[in-house]
Amino acid sequence: MSYWLMKSEPEEVSIDDALAMPAIPWFGVRNYQARNFMRDAMRVGDGVLFYHSSCAEPSIAGVAEVASTAYPDDTQFDSASKYFDAKSTPETPRWMLVDIKALRKTRLLGLAEMRTCDALSDMLVLKKGSRLSITPVTSDEWAEVMRLLDQ
DNA sequence: GCCAACGTTGGC
DNA sequence: GCCAACGTTGGC
């Protein structure tokens, strides 16, 4: 069992949006490293920190889990979508995704608070210049975040 | 809106 | 395959 942090812009898909659905396809990832995590490393049942990015309060906003293995992201074939990729074909899809099942909304755990915690000092999302929208989280970091969320 | 960081593109 | 130019991300 592995753990992940996954960024979503709440104006596009918030934790509330995700909770309103049985599961949500994590569409729109257009970075190879993030894609490879979904395609190669994620397993059904892996833990996910649902993170709100590019918003007033960038923060962990909920807990979710991986709910499917990887399959092609349909938005890459949709010319009307902002995620359209003209170089991708259904025969050899470039972008894959997994379904994510939101489990619960949490209090907002912001970056500043996370930075005050020594146990989280190596979290990739806290690194300067970190832009990767999906990052692995260690089991120790996961446990610490769960502890903080309960406070 | 600024800008640092970093990924991608394309000429050579 | 190098690397400069360019585009994007995302916190601030």
Side-chain angles (χ1 to χ4, degrees), chain A residues 2-21 24-42 46-66 70-138 140-149 151:
Chain A
S2 301
Y3 301 97
W4 309 92
L5 181 143
M6 299 177 77
K7 296 181 186 175
S8 181
E9 299 187 13
E11 290 195 356
E12 185 159 28
V13 180
S14 70
I15 183 67
D16 289 323
D17 298 331
L19 279 168
M21 304 171 66
I24 181 162
W26 205 259
F27 61 89
V29 169
R30 296 295 180 268
N31 169 282
Y32 290 106
Q33 206 177 341
R35 178 204 65 182
N36 292 349
F37 284 139
M38 290 196 285
R39 188 188 62 186
D40 305 331
M42 284 189 182
D46 280 0
V48 173
L49 300 174
F50 196 109
Y51 178 91
H52 283 173
S53 69
S54 294
C55 57
E57 291 185 84
S59 48
I60 291 170
V63 177
E65 67 181 13
V66 175
Y71 62 95
D73 180 347
D74 281 342
T75 63
Q76 70 196 300
F77 309 124
D78 176 3
S79 60
S81 169
K82 69 172 181 171
Y83 299 116
F84 177 65
D85 184 346
K87 294 179 184 169
S88 186
T89 66
E91 292 71 33
T92 55
R94 178 179 292 193
W95 304 110
M96 308 288 281
L97 54 67
V98 296
D99 289 341
I100 295 297
K101 176 181 172 58
L103 298 177
R104 66 186 173 99
K105 192 174 180 175
T106 64
R107 75 179 180 91
L108 296 181
L109 175 55
L111 293 176
E113 183 180 354
M114 293 168 70
R115 287 201 173 94
T116 66
C117 181
D118 283 346
L120 301 181
S121 60
D122 289 331
M123 272 193 84
L124 294 172
V125 73
L126 300 182
K127 301 280 185 190
K128 189 179 179 188
S130 165
R131 296 188 307 167
L132 197 56
S133 65
I134 299 175
T135 48
V137 171
T138 69
D140 285 349
E141 289 163 350
W142 176 273
E144 182 65 12
V145 168
M146 292 303 119
R147 190 184 69 79
L148 289 172
L149 288 174
Q151 287 182 359

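Bear in mind that the values here come from a model prediction, so they are computed numbers and not experimental data. Chain naming here is simple, since letters A, B, ... match the order of the sequence lines and numbering starts at 1 in each.
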Could you tell me which residues satisfy ring-ring contact (aromatic ring centres under 6.0 Å, His included) with A:Phe50, sequence neighbours excluded, listed by chain and number? A:Trp26, A:His52
Using side-chain heavy atoms (C-beta onward) and a distance below 4.5 Å, is A:Asp122 in contact with A:Lys127? yes
Main chain of A:Ser2, side chain of A:Asp46: is a donor-acceptor contact present, judged purely on distance under 3.5 Å? yes
Mark yes or no for whether A:Glu113, through its side chain, and A:Gly110, through its backbone, hold a donor-acceptor pair below 3.5 Å. no
Point-to-point distance, once rounded to the nearest 0.5 Å, from CG of A:Asn31 to CZ of A:Phe37: 9.0 Å
B/S/- contact track for nucleotides 7-12 of chain C, protein heavy atom under 4.0 Å: BBBSSS
